[in-house]
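Take a look at the structure set out below.
Since we're looking at a predicted model, the values are computed, not measured. Chain letters run A, B, ... following the sequence lines, proteins first, then strands; residues in each count from 1.
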2 protein chains.
Amino acid sequence: MTPNETLVYNLLRQTDTPLSAYSILDALRDQGVRAPLQVYRALNKLIERGAVHRIESINGFVACSLTNCGERAVSIFMLCTKCERAAEFTDPAIDQKIDALANARLFAADHKVIEMTGLCASCRDS
Amino acid sequence: MTPNETLVYNLLRQTDTPLSAYSILDALRDQGVRAPLQVYRALNKLIERGAVHRIESINGFVACSLTNCGERAVSIFMLCTKCERAAEFTDPAIDQKIDALANARLFAADHKVIEMTGLCASCRDS
DNA sequence: CCGCCATTGTTATTTTATAACATAATCGGA
DNA sequence: TCCGATTATGTTATAAAATAACAATGGCGG
Ligand SMILES: [Zn+2]
Ligand SMILES: [Zn+2]
Ligand SMILES: [Zn+2]
Ligand SMILES: [Zn+2]
């Protein structure tokens with residue numbers, strides 16, 4: 001892991017809310033990260049190796065909170081619109097059903113995304 | 001449906017590849033649409049009523065190809081990276097399993113996204 | 001006719017991501 | 001050791017996507 005990747009990864013692991021690339025940049029500016037590309041390059045490498053996930057629906061990035069999240073099964077994210085926390089899960093049964101749907105259509109999937117937005121358990125009653 | 005919404009919706013129905021808001025703008029410029037906001041406003045209204053879907057992973061928009069796609073079940077998109085076509089499906093069993101996962105976590109979902117990228121049936125052999 | 005409200009139009013700005021190019025560090029073989 | 005290739009970095013500029021702020025229009029009910 002290169003220095004820039006380490007900086008980005010350690011920052012992401014400290015939070016359970018997705019960060020935008022530019023907020024990562026701001027947070028790391030005093031540690032030598034000065035340009036968006038430095039952040040995006042680090043993020044892309046981290047994503048490639050499964051250490052970080054991109055949250056498509058909010059243009060954010062989170063560290064993977066599961067072990068061995070590599071391409072085994074799709075990650076399912078629950079994104080709270082109030083506290084902004086992201087919770088990551090996998091569900092082999094759902095994954096298998098999605099694969100079956102793709103196979104039935106002869107679609108060769110190389111990346112799968114499942115995201116939900118709504119209110120988390122602690123935000124829904126308050 | 002307002003004039004701008006009609007323009008955007010009719011354009012989206014003519015294609016099976018997702019369009020970006022700015023390519024919609026370009027296509028409708030000679031019909032009086034001049035600013036991004038006119039497109040985004042129309043898109044938001046169309047999305048609200050389920051006539052159009054946003055494809056999160058590519059910042060694109062497609063007309064719904066199913067009947068009564070309203071909030072009943074989640075839409076599942078297969079996005080070909082070669083021909084760029086988007087195919088939309090629903091699968092009640094998958095939808096039910098995702099709801100069960102959310103319920104088990106006490107998460108109140110108001111929007112669900114499932115997207116796959118890869119090669120479609122016709123592009124994978126060629 | 002008048003006030004209300006939804007729709008539209010316009011300019012400017014913010015946010016997100018990449019292009020293009022230059023530089024430095026690393027590493028393996030001649 | 002020297003060289004060439006690859007990999008990582010840094011920098012500036014630009015493209016792409018989305019929204020803010022504000023003004024003007026156009027029905028429509030009273
Ligand atoms: Zn993960
Ligand atoms: Zn919450
Ligand atoms: Zn649909
Ligand atoms: Zn295809």
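Within the structure, a side-chain polar atom (N or O) of A:Q38 is placed less than 4.0 Å from OP1 or OP2 of D:dG10. Residue A:R41 places no side-chain N or O under 4.0 Å from the OP1 or OP2 atom of D:dA8. Distances shorter than 4.0 Å separate none of the side-chain N or O atoms of A:K45 from OP1 or OP2 on D:dT7. Under 4.0 angstrom from either OP1 or OP2 of C:dT15 there lies no side-chain N or O belonging to A:Y22. At the phosphate of C:dA17, OP1 or OP2 sits under 4.0 Å from a side-chain N or O atom of A:N59. In terms of phosphate contacts, B:T2 brings a side-chain nitrogen or oxygen within less than 4.0 Å of OP1 or OP2 of C:dT8. Between C:dG9 and B:N4, a contact under 4.0 Å exists linking OP1 or OP2 to a side-chain N or O.
At most 12 heavy atoms of other shown residues, nucleotides or ligands fall within 6.0 angstrom of atom CD in A:E84. Around the CD atom of B:E88, the shell of radius 6.0 Å holds more than 12 heavy atoms that belong to other residues, nucleotides or ligands. When the shell of 6.0 Å around CZ of A:R34 is examined, it contains 12 or fewer heavy atoms from other residues, nucleotides or ligands.
Side chains of A:N10 and A:R13: a donor on one and an acceptor on the other come within 3.5 Å.
The distance between atom CG of B:L25 and atom C1' of C:dT10, rounded to the nearest whole Å, is 13 Å. Atom CD1 of A:I47 is separated from atom C1' of C:dA17 by 12 Å (rounded to the nearest Å). Straight-line distance from the CG atom of B:L37 to the P atom of D:dA23: 16 Å, rounded to whole Å. Atoms CD (A:E56) and P (D:dA17) sit 14 Å apart, rounded to a whole Å. Summarising the geometry, the separation between CD1 on A:I58 and C1' on D:dA18 is reported as 15 Å, rounded to the nearest angstrom. Look at CG on A:L43: it is 11 Å from P on C:dT18, rounded to the nearest Å. One atom, CD1 of A:I24, and another, P of C:dA17, lie 10 Å apart when rounded to the nearest Å. Rounded to an integer number of Å, the gap from CZ of B:R54 to C1' of D:dA18 is 9 Å.
Here the side chains of B:D95 and B:K112 are in contact, with some heavy-atom distance below 4.5 Å.
Taking the side chain of B:F61 as heavy atoms from C-beta on, and the options C:dT18, C:dT10, D:dA18, the nearest nucleotide is D:dA18.
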